[in-house]
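All values below were derived from every heavy atom in this structure, side-chain atoms included, with hydrogens, water molecules and symmetry-related copies excluded. Below, chain A is the first sequence line, B the second, and so on; all start at residue 1.
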Amino acid sequence: MTLDAHWTRAFIERTADVVTESRAALVELDREIGDGDHGENLERGFSAVRAKLATQPDDATPGALLKMVATTLISTVGGASGPLLGTAFLKGAGALGDASVLDADAVVAFLSAARDGVVLRGKAEVGDKTMIDAWSPAVEAASEAAAGGATPATVLRAASDAAAAGAASTEPLVARKGRASYLGERAVGHRDPGAQSSSLIIQAAADTAEEA
Amino acid sequence: MTLDAHWTRAFIERTADVVTESRAALVELDREIGDGDHGENLERGFSAVRAKLATQPDDATPGALLKMVATTLISTVGGASGPLLGTAFLKGAGALGDASVLDADAVVAFLSAARDGVVLRGKAEVGDKTMIDAWSPAVEAASEAAAGGATPATVLRAASDAAAAGAASTEPLVARKGRASYLGERAVGHRDPGAQSSSLIIQAAADTAEEA
Amino acid sequence: MKKLINDPKDVVTEAVAGLGMAHPDLLTVSLDPVFVRRASAKGQGKVAIVSGGGSGHEPLHAGFVGPGMLDAAVPGPVFTSPTPDPVLAATQAVDGGAGVLYIVKNYTGDVLNFETAADLAEAEGITVATVVVDDDVAVKDSLYTAGRRGVAGTVVVEKTAGAAAERGDSLEQVAEVARRTNAATRTMGVALTAGVVPHAGEPSFTLADDEIEIGIGIHGEPGRERVPLEPVDRIVDRLLGAVLDDLGATAGDRVLLFVNGMGGTPLVELYIAFRRAAEVLAEAGIEVSRSLVGDYVTSLEMQGMSITVTRLDDELAELWDAPVETAALRHGR
Amino acid sequence: MKKLINDPKDVVTEAVAGLGMAHPDLLTVSLDPVFVRRASAKGQGKVAIVSGGGSGHEPLHAGFVGPGMLDAAVPGPVFTSPTPDPVLAATQAVDGGAGVLYIVKNYTGDVLNFETAADLAEAEGITVATVVVDDDVAVKDSLYTAGRRGVAGTVVVEKTAGAAAERGDSLEQVAEVARRTNAATRTMGVALTAGVVPHAGEPSFTLADDEIEIGIGIHGEPGRERVPLEPVDRIVDRLLGAVLDDLGATAGDRVLLFVNGMGGTPLVELYIAFRRAAEVLAEAGIEVSRSLVGDYVTSLEMQGMSITVTRLDDELAELWDAPVETAALRHGR
Ligand SMILES: Nc1ncnc2c1ncn2[C@@H]1O[C@H](COP(=O)(O)OP(=O)(O)O)[C@@H](O)[C@H]1O
Ligand SMILES: Nc1ncnc2c1ncn2[C@@H]1O[C@H](COP(=O)(O)OP(=O)(O)O)[C@@H](O)[C@H]1O
Ligand SMILES: [Mg+2]
Ligand SMILES: [Mg+2]
Ligand SMILES: [Mg+2]
Ligand SMILES: [Mg+2]
């Protein structure tokens, strides 16, 4: 599929579906090392996003649609993940400008700006056991794939695989940011819920891009 | 044993021992149809009685010793059973006057005055599922035995057996006085804790009288 | 049993000692015998009000000692009425020559022990009047029970009687205010879980995971029925329905609506219940002109609540509004 | 899960609606977006104070809205920071032209959302200052955590800052009082059981029957260690020891001692704990000159408590004593 506004809408809808399906699993991850609301928070946010999507003008660009996601998440999610994911989408959308179709470089620019936005707000580094552990490897894998001349869909798949591995890599870690940082050694053995949800979002982007 | 001051002291001590041994069982009975404190209440009272017994003058009469039990129970037990049992001992002691030895009629007078004291304060009738269901049959059995010429010890044994049967007879009843009255049908199948403890007290009197 | 206590035997004395340390400006405590009185000098010529009963219902009664409410409170052992001795000692400590009113919740033990204390006080030349509170509509008031129990409505009675005493009413007048408040007050409660009496170490009763007890008493005495857990709006409808029925409340009445927590239920739930109760009253044309929400008459860590409605006339409303300054209830300026 | 609620999704709005119905004289509530403000007209020229955070900690924060304390509170979903929108709406509703102080507990979500709200408010021409409360000594303040959490000490900060605003301090001065109070305040908590988040339906964590969590956070975040249940005197010694160490309190200091219930612990236990804490302070030559005991910063129905100590100077003591009239805290005449 061409990564145009049509793809953007499909990506947003699939993300909303995935978040709904994963609500309980994300709550459970957050219950183990946080406060048990992450799935609930994201579902609240993406339900609002789904509702707003229907009211977007037909000629909305990918950047405009993703900016709507950003502002909606910021106004509806709350918690730590609301401003962080919201900023990710806001900065990512900004990197797309008015483009009506995303090429491989645009995909990299989106992911990279999104990651930088999270770092700007949350000050976390790779290895702090946060959503950065999904976003950062995704950016690197995407850059590498794009540099190798991959299609936009392949770039997203590379990013998605790396994000999934990154989410898994949080399991053995001690957290140094967010609520899980209070657990010390006790966070070891549990996956970070924000890294997991970020990986699911990037995976939704890749899955949608591969559709006919 | 002659029912003199020596017997009275032994009876009081044995009662205190029995109450301590039965504390948990009485708490459990009261937990089922009351508020779970009856064993605790009586133990607090009879510990105080035990302590005071040691300080009674050597020449204290049975009546004086039992009056000490009465006032100590009134000042230390609390709850419903404190004033009720306290009044039982107070009126029972009053019926003994200055007697230094209790004959069969005195035993009947003690039990009868005690029972009347409980009725005076608590207004319960036989069948209301209260301690009256132990005291009343005890008084009747004692009167009958005394009328038949039994020894004081035999009179007490008759009273004790009747009190035990009376306590058991509360099991199928619905309560009409005290906390258990709030249970309605749900009190059925449970023994009244106050009837049980009154039966234990009368039994302690009989057991002591039968000792060498 | 998980509790923040030391030896179960010391629960009451240690808590009363802590109460005295926390509120030295308001309260003076006696530990032997156990009672709590106002820190201020006793009001010569003012009627004194003494209440008390088993512990485990905090802040009742000691949390209501202070200007505008009680003069003394006598906490017994957990769930056990105090004996007459500390009641008498408290009575002597606060009598200012104008007589003493006992406010007693209707339980056999409380009634009998306060009765004896009153006899002893009268023997010492102190005039005592007693008002028995019996606001719990869960219990049918009949020959076949010990009568209705005194529960959360006790706070309302202690408040209006306290205000009447403070404004200089005579013993007979203060008792009359207390009786009138009691007559205008009805309560019904619900339990989701049981409290654990420290010396018993086990829950006072057992409810299945999806079961609640409608009409619970504040010592865990059972109520009218056990029903499956349902939305709080339905529970409020049951409790308030019984309360309004029994009170005979009708459109145009002005009431105090009091949602009381049993100790283990979070405040957020009490406000959800209050919302529904206020809606039901509004629909019935009954005006909620005063309100109270919080844990005032508890049953250890029991989860649950009760709903109390007091029908107000101008005088009762004024007495409710009068200034009060106690550890657990403060208002008015 | 046994709770007095309807749909878990409606917990916050229904509770806020109930709060508004129970205290119409004190509070006005907005349900969309959700925030609570004083019923009285906004003070022109008075610094306004806004606080907020996830729900489930009642009476914090909405219970502290009223004369002498907060101008508005913004309750988020249970245990989840509110988004910037309701914070902005509350800010606009209470700004009286002298600027607005945000009092924010130190959690990533709260800090970020209030930060965004402040940006939006500044863009509308409203001057905002923010003070972050981080009194929880259970968390080592280091590069390797999100920093110390804001817990029960928040009440103290809201009270003194509220009094400073009421006496007419400038925004910078009110913020300075808040910062100074926070710097003088330390807290540590303990949990015996976990609360249950309504939409999660299961306890936030699990403790064995004989286990307690020392250093618990108010969302059930774990603390320093799990130890076997012990007498409350030992628990108080642990909590207070850590608090005094970190505060560097020494003989001759005057303090506010605040024993806070987590929601499911009966008041009687809090007073037992207060007693021990007061004794320990007395032995150390530290004067308990003010005190507070009760459920003020809770964690749903969690059983447990926290101990807070604030070192008082004359000004902080005076600000603590200043009149306050809110749903959950009232004093002064
Ligand atoms: N400083 C941070 N930087 C990046 N991500 C963070 C930071 N703090 C928290 N997070 C992410 O937020 C997730 C938690 O989100 P959520 O549960 O919705 O919010 P809250 O922690 O406020 O309850 C964590 O799993 C983590 O991935
Ligand atoms: N009106 C009454 N007359 C006689 N006995 C009564 C009456 N009310 C209660 N009792 C007795 O008191 C017992 C309960 O005593 P206890 O548990 O110590 O006091 P409380 O009910 O105050 O907790 C009951 O089992 C019953 O035998
Ligand atoms: Mg979370
Ligand atoms: Mg009992
Ligand atoms: Mg009792
Ligand atoms: Mg959260």
### Test ring pair (Phe, Tyr, Trp, His ring centres under 6.0 Å) applied to D/His23 and C/Tyr271, step by step
CA-CA 11 Å; D/His23 310 288; C/Tyr271 277 112; 5.7 Å; yes
#### Entry: Side chain / backbone / both / neither for C/Asp210 at chain D, heavy atoms under 4.5 Å
backbone
### Task
Side chain from CB out, backbone as N, CA, C, O: work out which of these in D/Asp25 comes under 4.5 Å of a heavy atom of chain C, or both, or neither.
neither
### Message
How close do C/Ala22 and D/Ser291 get, counting heavy atoms only, and between which atoms?
### Response
O-OG, 2.5 Å
## Note on the structure
With sequence neighbours left out, the residues meeting side-chain hydrogen bond (donor to acceptor under 3.5 Å, both in side chains) with C/Lys3 are C/Glu301
### Task
Select one option (side chain, backbone, both, neither) describing which atoms of D/Leu292 are under 4.5 Å from chain C's heavy atoms.
neither
### Reported CZ-to-CG distance for the pair C/Arg330 and D/Leu329, which is rounded to 0.5 angstrom
8.5 Å
### Query
Taking side chain as C-beta onward, heavy atoms only, is C/Asp209 less than 4.5 Å from D/Lys2?
no
### Query
Given that the side chain runs from C-beta out, which part of D/Ala277 has a heavy atom under 4.5 Å from chain C: side chain, backbone, both or neither?
neither
### Query
Got a second to check how far C/Leu192's CG is from D/Met1's CE, nearest 0.5 Å?
11.0 Å
### Summary
From the list D/Leu267, D/Leu19, D/Thr265, the residue making the most non-hydrogen contacts under 4.5 Å with chain C is D/Leu19
### Query
If you measure from NE2 on C/His331 to CD on D/Glu325, what distance do you get to the nearest 0.5 Å?
10.0 Å
#### Entry: chain C contact via D/Val11 - which portion, at a heavy-atom distance below 4.5 Å
both
### Message
Let's test your reading of the structure: which of D/Ala327, D/Gly264, D/Gly294, D/Gly20 forms the most heavy-atom pairs below 4.5 Å with chain C?
### Response
D/Gly264
### Query
Is any side-chain heavy atom of D/Glu14 closer than 4.5 Å to a side-chain heavy atom of C/Arg276?
no
### Message
For the interface with chain C, which of D/Val232, D/Val78, D/Leu207 has the highest count of heavy-atom pairs at distances below 4.5 Å?
### Response
D/Val232
### Contacting region of D/Ala278 [heavy-atom separation from chain C under 4.5 Å]
side chain
### Sequence-distant partners of D/Pro231, side chain to side chain contact (heavy atoms under 4.5 Å, CB included), two or more places apart
C/Asn6, D/Arg234
### Query
Looking only at atom types and distance, does a side-chain atom of D/Glu58 sit under 3.5 Å from a main-chain N or O of C/Val268, one as donor and one as acceptor?
no
### Query
Are any of the side-chain heavy atoms of D/Leu4 and C/Ile272 separated by less than 4.5 Å?
no
### Task
Pick whichever of C/Val293, C/Ile235, C/Leu229, C/Asp233 has the most heavy-atom pairs under 4.5 Å with chain D.
C/Asp233
